[in-house]
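Here the structure is laid out as structure tokens; the discussion comes afterwards.
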Number of protein chains: 2
Amino acid sequence: MTVLCGDCRIVLQSINDSSIDLVYMDPPFFTQKTHALVNRDGNASYSFEDTWESIETYLAFMREVLIQCKRVLKDTGSIFVHCDRSASHHLRVLLDQIFGPEHFQSEIIWTYRRWSNSKKGLLPAHQTIYFYSKTENFKFNVLFTDYSPTTNIDQILQARARNEKGKSVYRRDQHGNIVAGKEKKGVPLSDVWYIPFLNPKAKERVGYPTQKPVLLLERIIKIATDSGDSVLDPFCGSGTTLVAAKLLGRTYIGIDISREAVSLSEERLRQPIKSESQLLVVGEEGFRMKSNYERNLLKALDAVPVERNSGIDGFLFIDEQPIPVRIQKDDEDIATARQKLKAASRAKQCSSMILIRTKTENNLCLFETEDDDVLVIDAYDLIIRSWLHKRKYRKKTTVS
Amino acid sequence: MTVLCGDCRIVLQSINDSSIDLVYMDPPFFTQKTHALVNRDGNASYSFEDTWESIETYLAFMREVLIQCKRVLKDTGSIFVHCDRSASHHLRVLLDQIFGPEHFQSEIIWTYRRWSNSKKGLLPAHQTIYFYSKTENFKFNVLFTDYSPTTNIDQILQARARNEKGKSVYRRDQHGNIVAGKEKKGVPLSDVWYIPFLNPKAKERVGYPTQKPVLLLERIIKIATDSGDSVLDPFCGSGTTLVAAKLLGRTYIGIDISREAVSLSEERLRQPIKSESQLLVVGEEGFRMKSNYERNLLKALDAVPVERNSGIDGFLFIDEQPIPVRIQKDDEDIATARQKLKAASRAKQCSSMILIRTKTENNLCLFETEDDDVLVIDAYDLIIRSWLHKRKYRKKTTVS
DNA sequence: AGGGAGCCTGAATCCTCAA
DNA sequence: GTTGAGGATTCAGGCTCCC
């Protein structure tokens, strides 16, 4: 959980063999340019050199770094190397040499829309991330995306079989009825990722050149590690990788040769939630911090999410009047939840509040009182689960 | 305007120096597999070998072909080499050697959605096309695409200038009014192309493995040539390049080592057909039938949305069992909604269903019957609206 | 061990049948 | 006839399982 300053070829030597679960690196791309950007308030400027004598010098440097990275990786670990069209082919040849072509897993295309320039040629709108594993036995979590709107989901739910000619057909039982298949979670994530490029005006920007979106790093970390695993970024720059790792509960080590970059990373890490939310709109960051479950509930309510720890999870606006919303937490009973919501709302002068109940209680004596200003609504999954439970029980008794 | 049969390394020798405007090639990808496919009507079968002793053998072969291609290209000509992740990096190193890294123009990513599989890792969903020119003085036509929906069109149309600090600002006349700029045609085409993969069921398919969509070739030909120019494809296969060239009024030469492929190309050229992709005509959004409201409701239920069934809006999975979900539509009463849901679910053999009520009815006589298999849940906004209404009324009566 | 056969997959078309 | 909903079809994949 540190950010180290120095040449990563040297600093990496202090890291133990087989101790890291994921290496992500965003090294110089061999653009042969100096990258500089002035900070928001204009008083600090970060820059780094990406000029090299020749491609051979560049590759010799990268070779040293990659060999060290392989050494520190666990056998179940993987490496993601970010590059652009300047030298991606040379880097992949190098990766083949060091990690072995059989450990190549994916060529990830990060694509985005960007302001057009009037260059003769096609507008560059992608960068490449090479994904190699150390062994065949690498850790991989499948992320799922939505089905294409052209897909007949109701159809692909049906179980399938082969007929006598070996053709794929839907399976039918002895009555000729269709047989239902297994659960569908969605389509496994593909190797082409559309993630918006950090807009020059984005609040997330901290003034560091080549800064990557947190969303991109979150996705990589989720794919290759579990909670508590270790993430290493030998060219950490503004520390985006480390922030994403911290937000996802992974441990992290960052290295950068620039004193300023290390300070900037440390600053961002000190309070990633707070400092990030100063930079980001509350809604955006609040959205990322909430669990999917709460986020979806708030969306269905059409409520605007707010930050945690305040007793209020979001606000619903009806006739321009804000109505505080709280979702009952796993570790609290409905009375506590109501109390917290009322306490937090008192200061806001709100007379109507909404509480979403997510659990059944042992004693169901607490109900919405007639003159209360809190509306208690049961979460959909709570309603469904108790209905199914009731039905099951009823069927059993009917049979007996 | 011919299709020649033979090894392209030999056949190319018969083509004059500096006589071709565009070379497109779709060589073997070094997949180390034999690709075979049976024709639609089942009476013909095409196949080709893509197995090699080593990567060196493959590259030696490709080197010979590429050197010949450079020779026959005009000084204003360009070459587009289609490859996939198997050997793209090696091919680009080769292209750098033969055409010079300074003549590298673009790494085009052709991306698409396709049937998936149970791979451990990311689903491959792109192929790469390298675009090199013979000299700096190459022919290039800018194609335009639509602006992204987030772009403010009004702003683009305004003329721009630089202020005293060199920053880009909108130009204003002496009265401070914004000056309208030149007409813009859209965003110049980027190097990431989303073009639907030739679907297994597409009519355009002729039964040749690895067949490419005509649309992809049309785009390349439009970029690099004008009407009447010459196009060469040394691995023409089923002749897609030649068909696209003919449709666009370019002259063409195709070469293939397989007698069957040459016959197939000749046959296709006799009646060049381009099938319209429904997906491209309508657009992905055209297939999405759900409102944001409905989508958010389904998400809160943790249900998978269904786009192509008029009775079912989504599926919820509990204990791996699919449960159909329907959201009551604006123009239907709850009885109709229930009836449609039950009708659609009958074929799916589902015994439990969920119906989301979104409106109150005048006669509230219809309730969930004890033995029913449909659970009716009120949408959150319905609950909230009726609660607020009730409170308002109660307060009024209290005051009076 | 290594290699071939068979299985699971979902996108996007074609195609059928009902209204 | 004409339209449109939804059922049927098949693959430049990649896994497992079985000799």
Side-chain angles (χ1 to χ4, degrees), chain A residues 105-106 136 140 142 144-163 165-172 178 181-188 190-191, chain B residues 26-40 42 46-51 82-87 110-128 194-205 207-213 235 237-238 240 275-284 286-287 289 304 306-312 340 343-344 347-348:
Chain A
Q105 298 301 337
S106 287
E136 296 75 46
F140 187 86
V142 182
F144 291 96
T145 54
D146 290 341
Y147 287 93
S148 165
T150 58
T151 302
N152 309 9
I153 294 121
D154 53 331
Q155 242 190 316
I156 61 170
L157 263 176
Q158 297 161 191
R160 286 197 267 184
R162 301 253 165 195
N163 68 6
K165 284 177 190 161
K167 286 209 169 191
S168 177
V169 292
Y170 292 116
R171 177 172 294 155
R172 288 170 191 279
I178 277 160
K182 288 194 224 90
E183 173 177 5
K184 300 281 173 179
K185 291 174 192 151
V187 186
S190 87
D191 59 3
Chain B
D26 183 17
F29 286 174
F30 191 66
T31 54
Q32 300 289 39
K33 280 179 201 153
T34 303
H35 297 275
L37 207 63
V38 180
N39 197 347
R40 183 116 303 165
Y46 303 99
S47 73
F48 68 89
E49 276 287 326
D50 182 17
T51 49
H82 199 126
C83 44
D84 83 348
R85 61 194 199 287
S86 312
W110 170 36
T111 163
Y112 44 80
R113 296 189 80 137
R114 216 187 31 184
W115 57 90
S116 73
N117 54 42
S118 46
K119 177 179 158 52
K120 177 184 180 182
L122 301 163
L123 201 63
H126 76 275
Q127 290 174 15
T128 307
Y194 176 74
I195 294 177
F197 194 84
L198 207 53
N199 191 270
K201 291 293 292 178
K203 262 192 183 161
E204 192 177 311
R205 270 192 188 265
Y208 194 85
T210 79
Q211 190 184 337
K212 302 290 176 294
F235 299 92
S238 59
T240 307
S275 75
E276 292 277 295
S277 154
Q278 197 58 25
L279 178 61
L280 275 186
V281 172
V282 180
E284 197 169 74
F287 281 90
M289 294 300 163
V304 178
V306 173
E307 294 285 358
R308 287 193 34 178
N309 188 303
S310 61
I312 299 170
K340 283 188 181 169
K348 313 286 176 200

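Everything numeric in this text was worked out from a predicted model, so none of it was measured.
The nucleotide whose nearest atom lies closest to any side-chain atom of Asn199(B) is, among dG7(D), dG10(C), dA12(C), dA12(C). The side chain of Arg308(B) approaches dT13(C) more closely than any other nucleotide in the set dG14(D), dA11(C), dT13(C). Closest to the Arg205(B) side chain, of the nucleotides dA11(C), dC11(D), dG7(D), is dC11(D). With distances taken from any side-chain atom of Ser116(B) to the nucleotides dA11(C), dT9(C), dC15(D), the minimum falls on dT9(C). Relative to the side chain of Pro200(B), the nucleotides dT13(C), dC15(D), dC11(D) differ in distance, and dC11(D) lies closest. Side-chain proximity of Pro124(B) to dG14(D), dT9(C), dA11(C): nearest is dG14(D). Here dG13(D) is the nucleotide among dG13(D), dA12(C), dA8(D) with the atom lying nearest to any side-chain atom of Asn117(B). Here dG6(D) is the nucleotide among dT10(D), dG6(D), dA8(D) with the atom lying nearest to any side-chain atom of Asn309(B). Taking every side-chain heavy atom of Ser310(B) into account, dG6(D) is the closest of dG10(C), dA11(C), dG6(D). Checking dC11(D), dG7(D), dC14(C) against the side-chain heavy atoms of Gln155(A) singles out dG7(D) as nearest.
A sub-4.0 Å separation between OP1 or OP2 of dA12(C) and a side-chain N or O of Ser148(A) is present. OP1 or OP2 of dG6(D) has not a single side-chain nitrogen or oxygen of Lys348(B) nearer than 4.0 Å.
Map Ala344(B) and Pro28(B) each onto its nearest nucleotide of DNA chain D; the residue landing nearer the 5' end is Ala344(B).
Between Leu279(B) and Tyr194(B), the closest side-chain pair of non-hydrogen atoms falls below 4.5 Å. Counting only heavy atoms from C-beta outward, the side chains of Tyr147(A) and Val306(B) never approach each other to under 4.5 Å.
Among the heavy atoms of the strands lying under 4.0 Å from Tyr170(A) is at least one base atom, whether or not backbone atoms are also near. As judged by a 4.0 angstrom heavy-atom cut-off over every strand, Thr151(A) is placed among the base-contacting residues. Residue Phe197(B) is in sugar-phosphate contact alone, with no base atom involved, counting any heavy-atom pair closer than 4.0 Å across all strands shown. Using a 4.0 Å heavy-atom distance criterion, Gly186(A) is classed as a sugar-phosphate-only contact. When heavy atoms are screened at a 4.0 angstrom cut-off, Asp154(A) is found touching the sugar-phosphate backbone but no base atom.
A donor and an acceptor atom, one from each side chain of Tyr170(A) and Gln155(A), are located under 3.5 Å apart.
Counting all heavy atoms, side chain and backbone alike, Trp110(B) lies closest to Pro196(B) at CZ2-O, 4.4 Å.
Open room surrounds NZ on Lys185(A); 12 or fewer heavy atoms of other groups in view lie less than 6.0 Å from it.
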